[in-house]
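Bear in mind that the values here come from a model prediction, so they are computed numbers and not experimental data. Order of appearance sets the numbers: ligands from 1, and atoms from 1 within every ligand.
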Amino acid sequence: MTSGAGRFAPSPTGDLHVGNLRTAILAWLFARSTGRRFLLRVEDLDPERSRPETGQLLDLTAVGLTWDAAPVRQSERTSLYLEAIGRLAADGLVYECFCTRSEIADAPRAPHAPPGAYPGTCRNLSEDDRARRRKLRPAALRLRSGVAEFTVTDLLHGAYTGPVDDLVLLRNDGVPPYNLAVVVDDAAQGIDQVVRGGDLLASAPRQAYLASLLDLPPVEYVHVPLVLNPRGQRLAKRDGAITLAALAGAGMETAGVRDLILDSLGLPAGPLDDALTAFSVAQLPREPWVFEAPFPAKPGPGVFPAPG
Ligand code: GLU
């Protein structure tokens, strides 16, 4: 038994789909098989896209997941994020940025700068410049990064090096961004194992770098293969019945969906405890799983609005 914890951290923007559920089951298996606690975090920082998380929690319960504490909601934890920004600012690592999206897109950058990296426009503004710009536009806060890249170790991918730029620490509407919140929350919740979709591997270097600046303990990363549609794209609502409610509408009960997911992982059908007994990292498939969704005869009674 270790003292650490694993977690699943969904954004409550719609019903979970089989890809989300598969990642959640994997996160649970990794945590439980290593004696860790398993925690949930509702990543509801985006006020425009976030919905109540009730439906997602019901779906996680329905496939058999259990967790060890009440889920935390990021929207209720702003003071923690501001405190972290304050600590970085005290170290001289925060600056105001007045750039619009299009200014960032159009700014000249160094020849080898990674696409989308912040070009540093506001990094060295004079106090007069800042005072003038504050009157025109509220500032975002950015990290004065001391590195251009950072390396993390992932259990499935090995050493992974990715770019780190002057990432946003507070949006100019006062909302803390995912990259800061995830780092602060993982540490605050005692999480030391981060199992999530492989699409987030590219974010791990900047998150691990931020954690190092905040003197937070490093986590073990496990970026698991994604679930794709038959055309090789990430699952999306237009792919048909991909949520539990829609699959039920197409005649597949929740236990059947769970068993299909377990089969895709090379694990036995049935309650998750049996899968836990059989689970080993070595037998885990390393390739994406292609899920061909049946189209529902009628839409399922989802908690969230019907797929658009
Ligand atoms: N909230 C993110 C998502 O739903 C996951 C973030 C994470 O696991 O670090 O894609």
Side-chain angles (χ1 to χ4, degrees), residues 4-31 36-57 59-60 63 65 67 71-77 80-81 84 150 152-157 160 162 164 167-168 171 175-211 214 216-228 233-237 242-244 288 303-304:
R7 48 65 155 193
F8 182 61
S11 305
T13 54
D15 283 339
L16 296 173
H17 59 58
V18 280
N20 307 130
L21 292 168
R22 189 176 189 253
T23 300
I25 288 174
L26 279 169
W28 184 91
L29 288 167
F30 269 97
R36 288 178 165 89
R37 297 185 308 133
F38 185 66
L39 303 174
L40 290 188
R41 181 168 69 239
V42 179
E43 300 211 320
D44 60 349
L45 282 175
D46 186 336
E48 273 150 39
R49 298 185 63 223
S50 297
R51 309 276 178 274
E53 70 280 3
T54 330
Q56 293 193 339
L57 301 187
D59 285 352
L60 294 173
V63 294
L65 294 184
W67 45 92
V72 302
R73 273 194 213 98
Q74 288 189 322
S75 60
E76 294 168 358
R77 296 161 72 83
L80 281 181
Y81 314 134
F150 201 70
V152 296
T153 306
D154 181 281
L155 197 70
L156 300 179
H157 297 263
Y160 175 83
V164 177
L167 50 108
V168 172
R171 290 175 10 180
V175 176
Y178 159 68
N179 278 313
L180 173 75
V182 73
V183 166
V184 170
D185 282 333
D186 282 340
Q189 290 185 273
I191 286 158
D192 65 349
Q193 181 188 59
V194 170
V195 178
R196 59 187 178 187
D199 52 332
L200 289 168
L201 179 61
S203 301
R206 58 177 73 93
Q207 294 169 7
Y209 175 61
L210 199 49
L214 287 163
L216 301 175
V219 297
E220 173 178 75
Y221 287 110
V222 189
H223 288 89
V224 298
L226 291 177
V227 180
L228 304 178
Q233 301 152 334
R234 285 179 53 179
L235 280 191
K237 287 177 181 173
I242 56 170
T243 64
L244 289 183
V303 173
F304 293 103

Review point. Got a sec, which residues hit salt bridge (charged side-chain N to carboxylate O under 4.0 Å, His left out) with Arg49, two or more places apart in sequence or on another chain?
Key: none
Point to revise | Donor-acceptor under 3.5 Å (Glu43 side chain, Pro12 main chain) | key: no
Review point. Who pairs with Glu76 by salt bridge (charged side-chain N to carboxylate O under 4.0 Å, His left out), at least two apart in sequence or on another chain?
Key: Arg73
Check your understanding: What residues form a side-chain contact (heavy atoms from CB on, under 4.5 Å) with Ala181, not counting sequence neighbours?
Key -> Leu45, Gln74, Tyr81, Asp185
Check your understanding: Do we see a donor-acceptor contact under 3.5 Å between the side chains of Arg41 and Gln189?
Key -> yes
Point to revise | Qualifying residue, where the test is side-chain contact (heavy atoms from CB on, under 4.5 Å) with Phe8 and the options are Leu60, Ile25, Val195 | key: Leu60
Review point. Taking any residue with a non-hydrogen atom under 4.0 angstrom from an atom of ligand 1, which ones do you get?
Key: Arg7, Ala9, Pro10, Ser11, Glu43, Tyr178, Val182, Arg196, Leu200
